[in-house]
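Input: a single structure, listed below in structure tokens.
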Amino acid sequence: MSIHWYPGHMHKAQKEIKQLLPQVDLLIEVLDARIPYSSENPAIAKIRGDKPCIKILNKTDLADPEATARWQEYLERQKNVKTFTTSIEDPGKIKLLLDLCRKMLPEKDAGIKTINAMICGIPNVGKSTLINHLAGRIIAKTGNEPAVTKAQQRINLGSGIVLFDTPGILWPKVENPNSSYRLAVTGAIKNTAAEFDDMGFFAADYLIKAYPTELKERYKLDEIPATEIEFLEMAAKSRGAIMAGGRVNLHKICEVLINEFRLGTIGKISLELPEMVEQEEAEMAKAAAKKAADTLARKQRFKDGSLTPNKKDAKQIRIEKRTEKAAQRKRQAKR
């Protein structure tokens, strides 16, 4: 699935982040704990360099705790990176983030200098709610949909920390097709930019393999079927997603499945693990290398004036004929 949702304000925000970053001491990137890899903006990683960074795994109340712990260990292998977990169930913990900011920059803390931090993240990861808890008042507009914040703002959090808030931004092209699905399933893009049927089939296929027990309990199934379509048909009966004539309303049951996943009523679920995305990246690299090799081969064939071996033979024959005719003209001229 390809995502075609990159509003103009996101392009503008990305340029502004790049311009502001040299003035910033610390970067805070908010990730969705259910999809830490897919919700990590590669454009931010590219411009960050080695600048100290706190990666916040938000919405841990919805994510698989074991998977979250594995992601923390994995992410902290990166240079100058620390992780911090948060959720709406434990708002008091969010204040501890300020202590971590100071620990990341001990020279600033010791000198009682202002720490300039920038907070960023993709749409709908809970960044605005996090900011409001940090500030102790309503600073950022919140909403259960992506792209609520559309402009930067500067917030003095006290304790010597100034926070630069930025709009949630995606990037023009999501290279990993699985990440596209995960972003859609978790609600990082508007529902109008993706089909519920596509999201539902992807989620069902993953859940019957990774979280079968949760599905059985939630949809009151005696057993978990082997395929996503079988599961959706069985779930549709338990949710009344049946049309006239007994046909399954696939759109309705897919919408139910996605909404229940987003609310956490199916259970604490993570859609990716470190080893999964490493395998996906390896497959993508292999596919990219093959595509590059194929492109180079096509260019070479074009350069040779041939697209097929037969055409190449025909070209050689024409060259030989022209050479022979030129030789005949020379012999005739000598006579």
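What you see is a predicted model, and the numbers here were worked out from it, not measured in a lab.
- A salt bridge is defined here as a Lys NZ or Arg NE, NH1 or NH2 lying under 4.0 Å from an Asp or Glu carboxylate O, and Glu29 with Arg48 fails to meet this definition.
- No side-chain heavy atom of Asn116 sits under 4.5 Å from any side-chain heavy atom of Leu163.
- Annotation: cation-pi pair Lys93/Phe84 present, NZ/CZ under 6.0 Å from the ring centroid and within 45° of its normal.
- Here the closest heavy-atom approach between residue Ile161 and residue Arg102 is recorded as CD1-NH1, 3.9 Å.
- Proximity of Leu57 to Leu75: side-chain heavy atoms (C-beta onward) are separated by under 4.5 Å at one or more points.
- Not counting sequence neighbours, Lys252 has no partner by the salt bridge (Lys or Arg N to Asp or Glu O under 4.0 Å) test.
- Leu257 contributes atom CG, which lies 6.5 Å from atom CG of Leu232 (distance to the nearest 0.5 angstrom).
- Side-chain atoms of Gln72 and Thr85 form no donor-acceptor pair, as typed in the model, at a separation below 3.5 Å.
- Using modelled atom types and a 3.5 Å distance limit, the side chains of Gln279 and Glu283 yield a donor-acceptor pair.
- Lys209 and Glu228 are not joined by a salt bridge, as no carboxylate oxygen comes within less than 4.0 angstrom of a charged side-chain nitrogen.
- Rounding to the nearest 0.5 Å places CG of Leu105 at 6.0 Å from CG of Asp25.
- In this structure, CG on Leu215 lies 5.0 Å from CD1 on Ile224, to the nearest 0.5 angstrom.
- The closest donor-acceptor contact from the side chain of Lys127 to the backbone of Leu31 lies at 3.5 Å or more, if one exists at all.
- Look at Asp64 and Lys268 and you find no salt bridge, because none of the NZ, NE, NH1 or NH2 atoms lies under 4.0 Å from a carboxylate O.
- At least one side-chain heavy atom of Arg34 sits less than 4.5 Å from a side-chain heavy atom of Phe261.
- The minimum heavy-atom distance between Ala203 and Ile258, with the atom names listed, is CB-CD1, 4.0 Å.
- Pairing each heavy atom of Asp50 with each of Lys79, the nearest pair is OD2-NZ, 3.6 Å.
- Side-chain contact between Thr86 and Leu130 is present, with heavy atoms from C-beta onward closer than 4.5 Å.
- Here Asp165 contributes atom CG and Leu134 contributes atom CG; the two are 10.5 Å apart, rounded to the nearest 0.5 Å.
- Glu230 has its side chain within reach of Thr227: a pair of non-hydrogen atoms, C-beta onward, lies under 4.5 Å apart.
- Identified under the ring pair (Phe, Tyr, Trp, His ring centres under 6.0 Å) test for residues 219-244, with sequence neighbours left out: Tyr219-Phe231.
- A distance of 4.5 Å separates CZ of Phe196 from CE of Met199, quoted to the nearest 0.5 Å.
- Side-chain atoms of Phe164 and Ile155, non-hydrogen and from C-beta on, never get closer than 4.5 Å to each other.
- When all heavy atoms of Gln19 and Gln23 are compared, the closest pair comes out as O-NE2, 4.2 Å.
- Salt-bridge check for Glu260 with Arg218: passed, with a basic side-chain N closer than 4.0 Å to an acidic carboxylate O.
- Between Asp32 and Arg182 no salt bridge is recorded (no basic side-chain N to carboxylate O distance below 4.0 Å).
- In this structure, Ile28 and Cys101 approach most closely via the heavy-atom pair CD1-SG, 4.0 Å.
- The side-chain heavy atoms of Tyr211 and Tyr206, taken from C-beta on, include a pair separated by under 4.5 Å.
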Could you pull out all donor-acceptor pairs under 3.5 Å where a side-chain atom in residues 284-293 meets a protein atom, sequence neighbours excluded?
unit_1 : atom_1 : unit_2 : atom_2 : d
Lys290 : NZ     : Asp294 : OD2    : 3.0

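- Side-chain contact between Thr166 and Ile119 is absent, with no heavy-atom pair separated by less than 4.5 Å.
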What do the steps show when you test Asn249 against Ile242 for side chain to side chain contact (heavy atoms under 4.5 Å, CB included), and what is the final call? CA-CA 5 Å; Asn249 188 332; Ile242 304 295; over 6 Å; no
